[in-house]
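Below, all heavy atoms of this structure are taken into account, side chains as well, without hydrogens, waters or symmetry copies.
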Amino acid sequence: MTKQTGRLTLPTDADIVEETIRLKNLLGADALRDCDGTEMPDALLNEPVKKYATYYTTRKDNAWAEQNPEEIQQEYLISNRVTARSEKLCIRLMEGFHTQQLKVNTLDDPKRWWEVIDRTTGEVVSVDDWEFKKELEEVEIKTIPYHEYTVSFLAFLIWDPVHMYNFITNDWKDTPHQLTYDVRQPKTQKYVKEKLKRWCEENPQIDVVRFTTFFHQFTLTFDDKKREKFVEWFGYSASVSPYILEKFEKWAGYKFRPEFIVDQGYHNSMFRVPSREFKDFIEFQQQEVCALAKELVDIVHSYGKEAMMFLGDHWIGTEPYGKYFAEIGLDAVVGSVGSGVTLRMISDIKGVKYTEGRLLPYFFPDVFGEGGDPIGEAKDNWMKARRAILRSPLDRIGYGGYLKLASEWPGFIEEIQSVVGEFRQIHENMNGTKSYVAPFKVAVLNCWGGLRKWMSNQVHHAIWHRETYSAEGVLECLSGMPFDVEFISFDDVKKGIPKDIRVIINVGDAYTSFSGAENWIDEAVVTTLRQFVDEGGGFIGVGEPTAYQHQGRFFQLADVLGVDREMGFSLSTDKYNEKNPQHFILEDIEGDIDFGEGTTRIYAQGDHYQILAMDGEYSQLVVNQYGKGHGVYFAGLPYSPQNCRILLRAIYYAAGMEQEMKRYYVTNVDTEVTVFQKTQKIAVINNSGKECQTDLYINGDFIVRLTLEPGEMRWLNETM
């Protein structure tokens, strides 16, 4: 009998005490929490459950911020690009930014911390050739006519970006704007530590302090119409101040430039190949932030409370796969689960006692209102999360927002009951053991490697983008597959590929950090990978893998992949491509393959390729024999149950271990199987919204035919 209580956190508020107690008992919740815009009612403090309190280290204290304006948080911004039409140009700094969120820093020397750049030549304009007009918030520049110019400058964050987001999303009217303050700076740092001690003393009934998060907000900048202007979940643009940057210069041994952050106007997004200086800055920030975060966690522990970190909001510097994260000493990490990928981003974290996921939807009026579909969102979110949980389980789940909205939506609580029941069932059947995985590892290769595990090809976690879904789908598929997945960098490749890695995947657009850009003209990289495949390894490329125009090739491992991309330079060379879809990879597949946005003008070449799918005269799915190993190319691979099956088969083919695939196997592409050998439990899940039949194989032998209801998870005994 599955345990009906535990592993669940529910939100509450001051106006929903009785309903909170009812739902706590109905759903078996063992923890209650507040969240932004809500309060933990005194009437619930004596309930026999854990109480979480959201704790803000950087906001919700406007009085301190107003008294110490020099210690308000800061962000590097870049002005609009403006073309000079004479030998003088004035650039209005705040044009296009929201002046309720950001204010130009007029306290620190602009000629020390700002840069004016001639974007036509890429040269920095001498500080002697520009002046800051403080009253007008303009920079006047001596210019070359018809050259384009920008100003990179510091601005104070006078409205916390997350509070602004929640204010706009929930249509708050009378709530004061929350200012930020920089905990890294000495005066504020001392104040925040003493404030935390007082808070712990004044809240003895709170068991878990949920830091939201620590000190620096990911880049979330609004335009003059209160729309999101720039969002980068991995962005370090708002982790700067002259105080911090001077410390960095001493640590690094060289002068800091705004361009390390602003990076030609891209604000060093995850898609940019990180410069040495930017990687240095990330490491410096991790060291400093984690050390200071530890001091706050130690304070919490000294009062007998647990410390939990929200993986979001002000999380910059607390990279959970960085070298210093475990030193913080956190009890737990909690984060929003928008997909299997974002679940693995949380559940794979080491150095904490437990992990917790906030399942979607959040109980906000944009979903629980006219035109919303919270039940549909909950079903879709759970089906993606469930397959990843079976591979790498969260310890707990929960929800956020306004519980009253959820309780008043017909049928939604019943859906939550189903989700929570299945979650507890998974834990009961796995009993703390690991699911079966193939006898080899799969590695994802990009510029970030293990630092950004499960974070590739994303702008903001779980947010759909037309430009990324065809690549991010690879990770979504992998999140629920029977493989141990590593994330490796090009530096890792040059050190040698570990023997337990059998397949390497490179996915992304050309010249991005995920494809690799100039790393593909590094002799050590390409020769190491060629040898790896030649000696029996597998290499899978998606989109524009190994792409860098060089020496008559666009894909630098075209010989391994069996394909290249026509860039217009080889149109004079005839290509005779013909499709032959009879292959191990497509044996389960019926109908067309979804390549998403795909990649155009791909042609097969060499002597050992086979084209499995084509679009007109060009190729979309190609396999290639390379020595003892295999290459596989996909034009794109968005997430779908069918594409998961295609990738599963492609990995086993690339590894040269096709027979191993049916160690545990189900035939219907809408279904997947997970096995816990130590408990002898087998889970078969239906990832579709329709009834389906599927055959279960163990050790290559047919065992049983199953009929599964839409979205069903069926448990079997391995010894059946």
Side-chain angles (χ1 to χ4, degrees), residues 340 344 348 386-393 426 429-444 474-486 498-505 536-540 583-589 623 628-630 632 637 641-687 692-708 712-720:
R344 292 293 297 266
D348 280 16
R386 182 177 64 183
R387 54 190 298 274
I389 286 172
L390 284 162
R391 297 297 170 190
S392 176
I426 290 170
N429 284 312
M430 66 183 291
N431 195 24
T433 65
K434 182 177 169 60
S435 64
Y436 167 82
V437 292
F440 61 89
K441 288 183 178 179
V442 175
V444 176
V474 175
L475 263 65
E476 188 65 30
C477 290
L478 284 172
S479 71
M481 283 185 173
F483 304 111
D484 278 333
V485 181
E486 299 284 344
K499 296 296 183 185
D500 56 356
I501 292 175
R502 191 72 180 247
V503 176
I504 294 175
I505 301 176
F539 190 88
I540 298 176
H583 194 274
F584 170 82
I585 289 176
L586 298 182
E587 283 178 8
D588 284 342
I589 308 306
V623 297
K628 295 179 181 178
H630 303 94
V632 183
L637 201 78
Q642 176 168 285
N643 278 354
C644 284
R645 180 58 55 87
I646 293 172
L647 182 60
L648 178 82
R649 300 187 73 103
I651 289 171
Y652 278 108
Y653 164 76
M657 300 183 73
E658 295 92 331
Q659 297 306 312
E660 185 65 33
M661 186 183 71
K662 288 197 174 179
R663 175 75 174 86
Y664 300 103
Y665 188 72
V666 283
T667 53
N668 191 310
V669 299
D670 286 326
T671 64
E672 290 179 295
V673 59
T674 304
V675 179
F676 299 96
Q677 292 175 311
K678 290 186 178 179
T679 62
Q680 297 186 313
K681 294 291 185 180
I682 298 175
V684 181
I685 55 175
N686 180 357
N687 293 318
C692 65
Q693 288 189 331
T694 192
D695 294 340
L696 172 65
Y697 282 78
I698 298 178
N699 293 324
D701 297 326
F702 170 78
I703 301 299
V704 66
R705 174 164 292 179
L706 303 171
T707 300
L708 301 178
E712 182 183 353
M713 176 172 64
R714 180 83 58 84
W715 287 93
L716 306 167
N717 292 317
E718 188 174 4
T719 55
M720 61 182 291

(request) First locate atom CD of E718, then atom CD1 of I703, and finally report the distance between them rounded to the nearest 0.5 Å. (result) 9.5 Å

(request) Find out whether F483 and V437 are in side-chain contact, i.e. whether some heavy atom of one side chain is under 4.5 Å from a heavy atom of the other. (result) no

(message) Could you measure the distance from the CG atom of L390 to the CD1 atom of I426? Nearest 0.5 Å is fine.
(response) 4.0 Å

(request) Using the six-membered ring wherever Trp is involved, compare the ring planes of Y697 and F702 and label them parallel, tilted or perpendicular (cut-offs 30° and 60°). (result) perpendicular

(request) State which residue, out of L716, T671, V666, N668, fulfils the side chain to side chain contact (heavy atoms under 4.5 Å, CB included) condition with L706. (result) L716

(request) Provide the closest heavy-atom pair for C644 versus C477 in the form atom of the first, atom of the second, distance. (result) SG-SG, 3.1 Å

(message) Any side-chain to backbone donor/acceptor pair from R714 onto T707? Under 3.5 Å, distance only.
(response) yes

(message) Strictly below 4.0 Å, N to O, side chains only: are D484 and K441 in salt-bridge contact?
(response) no

(request) Can you measure from CD1 (I646) to CG (L586) and round to the nearest 0.5 angstrom? (result) 6.0 Å

(message) As an exercise, state the distance from CD1 of I685 to CG of D670, rounded to the nearest 0.5 Å.
(response) 11.0 Å

(message) Over 60° means perpendicular and under 30° means parallel, so tell me whether F440 and Y652 are parallel, tilted or perpendicular.
(response) perpendicular

(request) Hey, can you tell me if Y653 and H630 have their rings parallel, tilted or perpendicular (30° and 60° cut-offs)? (result) tilted

(request) Considering non-hydrogen atoms only, spot the tightest contact between P482 and Y436 and give its length. (result) CB-O, 3.9 Å

(message) Using side chain to side chain contact (heavy atoms under 4.5 Å, CB included), reason through V444 and V474 one step at a time and then give a plain yes or no.
(response) CA-CA 10 Å; V444 176; V474 175; 6.0 Å; no

(request) Please confirm whether the backbone N or O of G656 pairs with a side-chain atom of R502, one donor and one acceptor, at under 3.5 Å? (result) no

(request) Answer yes or no: is there a donor N or O on one side and an acceptor on the other, between the side chain of T667 and the main chain of D695, under 3.5 Å? (result) yes

(request) Answer yes or no: is there a side-chain heavy-atom contact under 4.5 Å between V669 and I589? (result) yes

(message) Tell me the closest heavy-atom pair linking L647 and M481, and the distance in Å.
(response) CB-CE, 3.8 Å

(message) Using every non-hydrogen atom in the two residues, find where N687 and E672 come nearest and quote the distance to one decimal.
(response) ND2-OE1, 2.8 Å

(request) Can you see which heavy atom on V673 is nearest to which on R391, and at what distance? (result) O-NH2, 2.9 Å

(message) To the closest 0.5 Å, what do you measure between NZ (K678) and CG (N431)?
(response) 10.5 Å

(message) Test side-chain hydrogen bond (donor to acceptor under 3.5 Å, both in side chains) on N699 and K662; report intermediate values, then the result.
(response) CA-CA 6 Å; N699 293 324; K662 288 197 174 179; over 6 Å; no

(message) Looking at every non-hydrogen atom in both residues, tell me the closest pair between Q693 and R705 and how far apart they are.
(response) OE1-CD, 4.0 Å

(request) Kindly say whether A683 contributes a backbone atom to a donor-acceptor pair with the side chain of T674 at under 3.5 angstrom? (result) no

(message) Measuring from atom CZ of R344 to atom OG of S479, what distance do you get when rounded to the nearest 0.5 angstrom?
(response) 6.5 Å

(message) Would T694 and N686 count as a side chain to side chain contact (heavy atoms under 4.5 Å, CB included) here? Give the steps.
(response) CA-CA 9 Å; T694 192; N686 180 357; over 6 Å; no

(request) Let me know which of E587, E658, H583 forms a side chain to side chain donor-acceptor pair (under 3.5 Å) with R649. (result) E587

